[in-house]
Peer 1: 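Sharing a structure below in structure tokens format, with a few things to ask.
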Amino acid sequence: MHNTELKFIVDHNVGKMAKWLRRVGFDARLFAGADDAALVAAAMGENRILLTRDRRSMKRHIIVGGRIKAILIESDHFKAQVQQVVSTLRLDKSRFRPFTTCLECNELLEKCVKEAIEGRVPPYVYRTQEHFAECPACRRLYWQGTHWKAMNLEIDRILSI
């Protein structure tokens with residue numbers, strides 16, 4: 001399940017943040033449009049925390065008045081951006097649900113039986129892995145191989161504030 005306590009909408013100007021939040025299990029919608037009003041309306045309508053580098057968006061009455069929680073991302077550097085969100089929201093690793101959300105389309109992953117994915121992963125992966133998950137929307141497959149280990153290390157490295 002998504003980490004349901006927090007949902008995000010991520011402006012395209014900090015788009016990499018959406019994938020990182022998905023990695024740790026949060027519902028993070030990437031807003032690809034350029035219309036600030038639509039971005040703010042989506043945040044309001046879907047009860048999402050807005051992450052942006054756009055100072056003009058932050059001046060909107062609905063944000064200034066506190067009806068939408070928004071974080072103005074200060075840094076150009078990704079690690080600092082993540083650290084700002086983690087610090088501002090007081091997130092710790094116990095709130096993360098790593099690798100439960102599709103990195104591409106933000107859907108919850110579903111466990112699948114190994115036999116059902118035969119031929120869809122490289123033979124070596126099929127022989128050496130036992131647990132697989134699949135995105136019900138885009139059908140992307142996930143398993144705990146070397147990329148999974150590398151992503152865990154990246155999460156730890158970024159969180160070492």
Side-chain angles (χ1 to χ4, degrees), residues 1-112 132-144 147-161:
M1 88 179 144
H2 276 301
N3 188 330
T4 56
E5 63 195 83
L6 299 173
K7 296 189 317 183
F8 298 89
I9 188 161
V10 181
D11 198 352
H12 65 87
N13 56 27
V14 288
K16 193 172 178 183
M17 182 76 65
K19 194 171 270 193
W20 191 87
L21 288 164
R22 291 171 185 170
R23 264 187 203 149
V24 296
F26 289 104
D27 180 340
R29 177 179 166 206
L30 177 60
F31 186 81
D35 181 10
D36 291 347
L39 171 66
V40 171
M44 181 71 177
E46 298 172 23
N47 194 28
R48 292 177 180 272
I49 298 169
L50 173 61
L51 304 178
T52 187
R53 285 195 40 82
D54 185 355
R55 293 185 185 283
R56 283 181 302 142
S57 292
M58 296 298 288
K59 293 178 182 175
R60 292 186 171 271
H61 179 71
I62 197 166
I63 293 174
V64 173
R67 290 182 57 206
I68 296 174
K69 181 160 181 72
I71 300 173
L72 177 65
I73 304 298
E74 300 289 342
S75 178
D76 289 331
H77 303 287
F78 177 68
K79 183 176 179 179
Q81 292 174 352
V82 171
Q83 289 172 338
Q84 179 188 355
V85 170
V86 167
S87 174
T88 301
L89 297 175
R90 294 182 182 87
L91 301 178
D92 63 45
K93 205 168 177 183
S94 70
R95 295 171 79 176
F96 296 168
R97 303 290 175 261
F99 315 108
T100 56
T101 304
C102 181
L103 300 180
E104 297 304 316
C105 60
N106 200 38
E107 291 291 323
L108 289 173
L109 299 178
E110 298 174 350
K111 292 182 181 184
C112 54
F132 295 88
E134 182 175 28
C135 175
C138 72
R139 311 315 286 180
R140 184 175 176 170
L141 292 169
Y142 294 84
W143 59 90
Q144 293 184 6
H147 281 76
W148 181 85
K149 291 174 187 163
M151 284 192 277
N152 264 330
L153 289 172
E154 179 190 5
I155 290 167
D156 289 341
R157 192 170 46 248
I158 287 172
L159 292 178
S160 62
I161 300 173

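Here, residue 1 is the first one in the sequence, and each next residue gets the next number. Note that these values count all heavy atoms, side chains included, but never hydrogens, waters or copies made by symmetry.
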Peer 1: Among K79, K149, R23, which one satisfies side-chain hydrogen bond (donor to acceptor under 3.5 Å, both in side chains) with E154?
Peer 2: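 By the side-chain hydrogen bond (donor to acceptor under 3.5 Å, both in side chains) criterion, E154 pairs with just one of K79, K149, R23: R23.
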Peer 1: Can you tell if the side chain of T100 reaches within under 4.5 Å of the side chain of L109, non-hydrogen atoms only?
Peer 2: no
Peer 1: Return the set of residues passing salt bridge (Lys or Arg N to Asp or Glu O under 4.0 Å) with D76 (not counting sequence neighbours), or none when no residue passes.
Peer 2: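 By the salt bridge (Lys or Arg N to Asp or Glu O under 4.0 Å) rule, D76 matches R53.
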Peer 1: Taking only residues two or more places apart in sequence, or in another chain, which ones meet P136 in a side chain to side chain contact (heavy atoms under 4.5 Å, CB included)?
Peer 2: E107, E110, R139
Peer 1: Name the atoms and distances for all side-chain donor-acceptor pairs under 3.5 Å in residues 54-68, with sequence neighbours left out.
Peer 2:
from: D54; atom 1: OD1; to: R56; atom 2: N; distance (Å): 2.9
from: D54; atom 1: OD2; to: S57; atom 2: OG; distance (Å): 3.2
from: R55; atom 1: NH2; to: E74; atom 2: OE1; distance (Å): 3.4

Peer 1: Which atoms form the tightest heavy-atom contact between L89 and K69, and what is the distance?
Peer 2: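 Between these two residues, the closest heavy atoms are CD2-CE, 3.3 Å.
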Peer 1: For D156, check side chain to side chain contact (heavy atoms under 4.5 Å, CB included) against everything at least two apart and list the hits.
Peer 2: K93
Peer 1: Indicate yes or no: at least one non-hydrogen side-chain atom of T52 is less than 4.5 angstrom from one of F31.
Peer 2: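 When only atoms from C-beta onward are counted, F31 and T52 do not touch, as no gap falls below 4.5 Å.
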Peer 1: Are L6 and L21 packed together at the side-chain level, in the sense that at least one heavy-atom pair is separated by less than 4.5 angstrom?
Peer 2: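 The answer is no; the side chains never approach within 4.5 Å.
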Peer 1: Who passes salt bridge (Lys or Arg N to Asp or Glu O under 4.0 Å) against K16, sequence neighbours left out?
Peer 2: none
Peer 1: Looking only at heavy atoms, which two atoms of A137 and C105 are closest? And how far apart?
Peer 2: CB-SG, 3.9 Å
Peer 1: Minimum heavy-atom separation for L141 and C112, please, with both atom names.
Peer 2: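 Looking at all heavy atoms of both residues, the closest pair is CD2-SG, 4.3 Å.
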Peer 1: Check whether any side-chain heavy atom of T101 sits under 4.5 Å from a side-chain heavy atom of L108, and report yes or no.
Peer 2: yes
Peer 1: List, one per line, each side-chain donor-acceptor pair under 3.5 Å for residues 35-50, sequence neighbours excluded.
Peer 2:
from: D35; atom 1: OD1; to: A37; atom 2: N; distance (Å): 3.1
from: E46; atom 1: OE1; to: R29; atom 2: NH1; distance (Å): 3.3
from: E46; atom 1: OE1; to: R48; atom 2: NE; distance (Å): 2.6
from: E46; atom 1: OE2; to: R29; atom 2: NH1; distance (Å): 2.5
from: R48; atom 1: NH1; to: F8; atom 2: O; distance (Å): 2.8
from: R48; atom 1: NH1; to: D27; atom 2: OD1; distance (Å): 2.8
from: R48; atom 1: NH2; to: D27; atom 2: OD1; distance (Å): 3.1
from: R48; atom 1: NH2; to: D27; atom 2: OD2; distance (Å): 3.4

Peer 1: Given side chains that start at C-beta, do those of I71 and M17 come closer than 4.5 Å, heavy atoms only?
Peer 2: no
Peer 1: With side chains defined as the heavy atoms from C-beta onward, is the minimum distance between R22 and L30 less than 4.5 Å?
Peer 2: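 Answer yes - side chains close enough.
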Peer 1: With a 4.5 Å limit on heavy-atom distance, are the side chains of W20 and I155 in contact?
Peer 2: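 W20 reaches I155 side chain to side chain.
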Peer 1: Rounded at 0.5 Å granularity, tell me how far OH in Y142 sits from SG in C102.
Peer 2: 3.0 Å
Peer 1: Any donor-acceptor pair under 3.5 Å linking the side chain of S87 with the backbone of Q83?
Peer 2: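 No.
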Peer 1: Check K19 with E104, please: is the shortest side-chain N to carboxylate O separation under 4.0 Å?
Peer 2: yes
Peer 1: Start with the C-alpha gap between L91 and F26, add the side-chain angles, then the distance that decides, and say whether side chain to side chain contact (heavy atoms under 4.5 Å, CB included) holds.
Peer 2: CA-CA 11 Å; L91 301 178; F26 289 104; 4.2 Å; yes
